[in-house]
Number of protein chains: 6
Amino acid sequence: MLHITRKEHFNAAHRLFREDYDDAMNLLVFGKCSNPNWHGHNYTLYVTVAGEINPATGFVINLKDLSIIIREKVTDKIDHKNINLEVDFMQGKMASTEVLTIAIWNELEDEIKKLGANLFCVKLYETENNFAEYFGK
Amino acid sequence: MLHITRKEHFNAAHRLFREDYDDAMNLLVFGKCSNPNWHGHNYTLYVTVAGEINPATGFVINLKDLSIIIREKVTDKIDHKNINLEVDFMQGKMASTEVLTIAIWNELEDEIKKLGANLFCVKLYETENNFAEYFGK
Amino acid sequence: MLHITRKEHFNAAHRLFREDYDDAMNLLVFGKCSNPNWHGHNYTLYVTVAGEINPATGFVINLKDLSIIIREKVTDKIDHKNINLEVDFMQGKMASTEVLTIAIWNELEDEIKKLGANLFCVKLYETENNFAEYFGK
Amino acid sequence: MLHITRKEHFNAAHRLFREDYDDAMNLLVFGKCSNPNWHGHNYTLYVTVAGEINPATGFVINLKDLSIIIREKVTDKIDHKNINLEVDFMQGKMASTEVLTIAIWNELEDEIKKLGANLFCVKLYETENNFAEYFGK
Amino acid sequence: MLHITRKEHFNAAHRLFREDYDDAMNLLVFGKCSNPNWHGHNYTLYVTVAGEINPATGFVINLKDLSIIIREKVTDKIDHKNINLEVDFMQGKMASTEVLTIAIWNELEDEIKKLGANLFCVKLYETENNFAEYFGK
Amino acid sequence: MLHITRKEHFNAAHRLFREDYDDAMNLLVFGKCSNPNWHGHNYTLYVTVAGEINPATGFVINLKDLSIIIREKVTDKIDHKNINLEVDFMQGKMASTEVLTIAIWNELEDEIKKLGANLFCVKLYETENNFAEYFGK
């Protein structure tokens, strides 16, 4: 068993807030991240896959295939977008790093299984000082 | 003469577009950066000051003072904000890295002179792959 | 269950030595790190917390709260200090990265529990080439 | 129990291919990595060791000793070399990051045990966007 | 006047040697870099362009256009290739970082001029510890 | 003319203070950096040399030679040392990044000239957020 990881980038706008809170309450709970005019980040995404090495290729998974899955299921949908308004897999959800990390896991899990490997970890940096990791349970 | 540099961070939302272009034309010229729903970045800012070393302190400039100037004149105004809508020194300007770099120079130049040193360079990373530098002329 | 990590920095002086060794023996065992006149490092600290996402906020833990705990219990005590002489939670201990990592864990564990989450990992870089990780057992 | 990690670098040429495939088939399976004239990388290697802290030294393992083992068993054999043609522990194997990661584990495992600690993880970056991790089972 | 920089990556195999030297002499002059079986690197390339800001766009140069030029004139020719054997603009030249940096300058200079800007600097990292910079004179 | 740069690391303890100031005055002027019990840093040093490419080798300077000069004149003297107490070329000087940068320039300038090249810049990072650059005049 071996883990193989692919790093990708995207950037996006977002806002942390609840519709049932007024601006003052949102500011109290979410701080500067609640700015109604949005702010944004360069996100860095690490997708780690676990599997056996295929003796025919020396690969757990062809990283080109993994890269295509990540692009189609995640970065094409979110790069240069507004996470709250435009990303289908984030509709009706809080746009926090934590929730986004799990949503990306759900986008990728089945597609990676079709390639004969298992998604092991999604790690998402919002800034260079903060990141979330999800292992699927 | 010596150069001393301070690195700071901020993140913000922005959009590249012209009001006199329609959406199709904005997309043609500015690509994904023209998204009407905004996107955003983690910006990294390097402020370089030139001066003689003060023999009493071994400093060209006290970096704590420089840091306060950068915070008051730049990062407090732009961090977690929408550059197009909310940043006073960017009103009526294109929110490109290039234009933002010069605007930050103009914010800082006089304040640094009051400390007895000269602003030498403002360098601004929009992503880890793109940055602008301005030397004041 | 999700992991969320906050990165912080501090710098400090230290020395690796035993009082019951003479200088030659300390040099033999601890190499250049035994220098009686001290040396120092820029340390990078990663604090990882595990927990469920709070559906009201989308957070496992408010990173602002985590940041305050790290500052009060760790960085305010150690930043720009001499680890051997001045840091209360390192008194009577070897100032190695390993021992420091566990000591930081002990400083943080209970405070994080009060916020409703669990400390999962403390990771400490002494240089960019060396780091220790402690998972609490 | 604590984990301690040492980072090292090497660079090397390699090629991904099978002798029983012709060039067209190798290109199909391995892409640009199958170039018969070789290409190469700056590899970054992280070796993580697990053990108890020795109360006499504050160390799990003396990193100087670990560094010597890594140099003798790995980097002296592979740095500035052709992985397919010249590295003894890679003879007859696919020169993929995955296979190389396991081969490095096998080079290091017993030597680290002699120092009274256990190899926990070998992590190998081929580029800054791709890495493999092996935990020994 | 403003400088704008684009970072790109490629990896390649190379060898430092002279045909009129024997292996022993090549080893003496070029060290491990003279290995007849090749070695390789992940190169990082920074291309800096100088120009006035176009008031219509806020750009000195459209970075998408710059990126296409770099790909067509440099990275498509050198990525996953053997610099000594396969790169047209390096034929008959020493494959040192210095010579490669100037050769990349010569590939790019005229193309960037056609976009209405001036190439200002080519900076090339061979490893994270070594890089060359060329300013065109 | 081309610039070639070598990056090196060292770590050291230091303190910013004046003997003719009392502790309160030192704290006022130098902040936490005046701690009488020392603190320390991992310094990163970039040495840039300018020269013509030697057509026989493709080198401006053999980086192995440059590396030896930096080790003998700088890092062997300062690594794991106390800058105020133990470094010959810093005796009687303020241990600021600025003063240290110029002192390193003076250590290196003549030795590099003997190799047929010219020292162009010494750049010294004290932390990842602060650095000084000296161009020799």
Side-chain angles (χ1 to χ4, degrees), chain E residues 12 14-22 25-35 39 41 43-48 83-84 87 89-106 109 119-137, chain F residues 1-11 42-76 78-79 104-105 108 112 115-125 127-128 131 133-136:
Chain E
H14 82 143
R15 183 195 171 196
L16 297 181
F17 75 112
R18 293 175 57 100
E19 292 198 356
D20 55 337
Y21 288 176
D22 60 16
M25 185 63 179
N26 275 317
L27 185 63
L28 191 73
V29 175
F30 300 106
K32 291 185 293 184
C33 298
S34 69
N35 181 359
H39 65 286
H41 299 287
Y43 291 87
T44 305
L45 172 66
Y46 293 83
V47 176
T48 302
I83 298 173
N84 300 66
V87 179
F89 60 78
M90 288 298 289
Q91 291 315 294
K93 297 180 181 166
M94 299 294 294
S96 70
T97 315
E98 290 93 326
V99 171
L100 181 54
T101 301
I102 293 178
I104 291 172
W105 173 283
N106 290 332
E109 189 178 20
L119 182 55
F120 177 75
C121 181
V122 171
K123 180 179 181 176
L124 184 65
Y125 276 79
E126 189 188 60
T127 72
E128 66 168 330
N129 295 321
N130 303 330
F131 62 86
E133 288 164 292
Y134 185 56
F135 296 86
K137 53 205 164 193
Chain F
M1 257 272 292
L2 198 127
H3 296 80
I4 188 97
T5 299
R6 176 80 189 165
K7 180 167 93 164
E8 302 281 352
H9 297 274
F10 59 88
N11 58 68
N42 303 329
Y43 291 88
T44 305
L45 172 65
Y46 292 83
V47 176
T48 302
V49 164
E52 303 292 334
I53 293 182
N54 178 340
T57 59
F59 293 155
V60 167
I61 192 175
N62 192 318
L63 284 178
K64 183 156 258 176
D65 295 336
L66 179 58
S67 193
I68 291 170
I69 288 175
I70 298 171
R71 193 168 65 239
E72 287 179 354
K73 302 297 289 185
V74 181
T75 52
D76 276 357
I78 200 168
D79 187 42
I104 290 172
W105 173 284
L108 294 173
I112 288 168
L115 293 181
N118 290 298
L119 181 55
F120 177 75
C121 181
V122 171
K123 181 178 180 176
L124 184 66
Y125 277 80
T127 73
E128 66 167 331
F131 62 85
E133 289 164 292
Y134 185 55
F135 296 86

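Heavy-atom basis, side chains included; hydrogens, waters and symmetry copies ignored. Numbered from 1 within each chain, the chains take letters A, B, ... in sequence-line order. Here the structure is a predicted model, which is why all the values come from computation and not from measurement.
- The side-chain contact (heavy atoms from CB on, under 4.5 Å) search around F:R71 returns F:I68, F:T75, F:D76, not counting sequence neighbours.
- Using a 4.5 Å heavy-atom cutoff, the side chains of F:F59 and E:L16 are in contact.
- Contacts between F:L45 and chain E at a heavy-atom distance below 4.5 Å are absent for every atom of the residue.
- Of the listed residues (F:T44, F:T48, F:V60), the greatest number of heavy-atom pairs within a distance under 4.5 Å of chain E belongs to F:V60.
- Taken to the nearest 0.5 Å, the OG atom of E:S96 stands 10.0 Å off from the CG atom of F:L63.
- The structure places CD1 of F:I53 at 10.0 Å from NZ of E:K93, a figure rounded to the nearest 0.5 Å.
- Side chain of E:R18 to backbone of F:T57: no donor-acceptor contact under 3.5 angstrom is found.
- A distance of 7.0 Å separates NZ of F:K7 from OH of E:Y125, quoted to the nearest 0.5 Å.
- Residue contact with chain E, scored on non-hydrogen atoms closer than 4.5 Å, involves the backbone and the side chain of F:L2 alike.
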Please output the side-chain donor-acceptor pairs of residues 128-137 of chain E that fall under 3.5 Å, not counting sequence neighbours, one pair per line with the distance.
| unit_1 | atom_1 | unit_2 | atom_2 | d |
| --- | --- | --- | --- | --- |
| E:E128 | OE2 | D:H9 | NE2 | 3.0 |
| E:N130 | OD1 | F:R6 | NH1 | 2.7 |

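- Contacts of F:A50 with chain E are absent, with no heavy-atom separation under 4.5 Å from either backbone or side chain.
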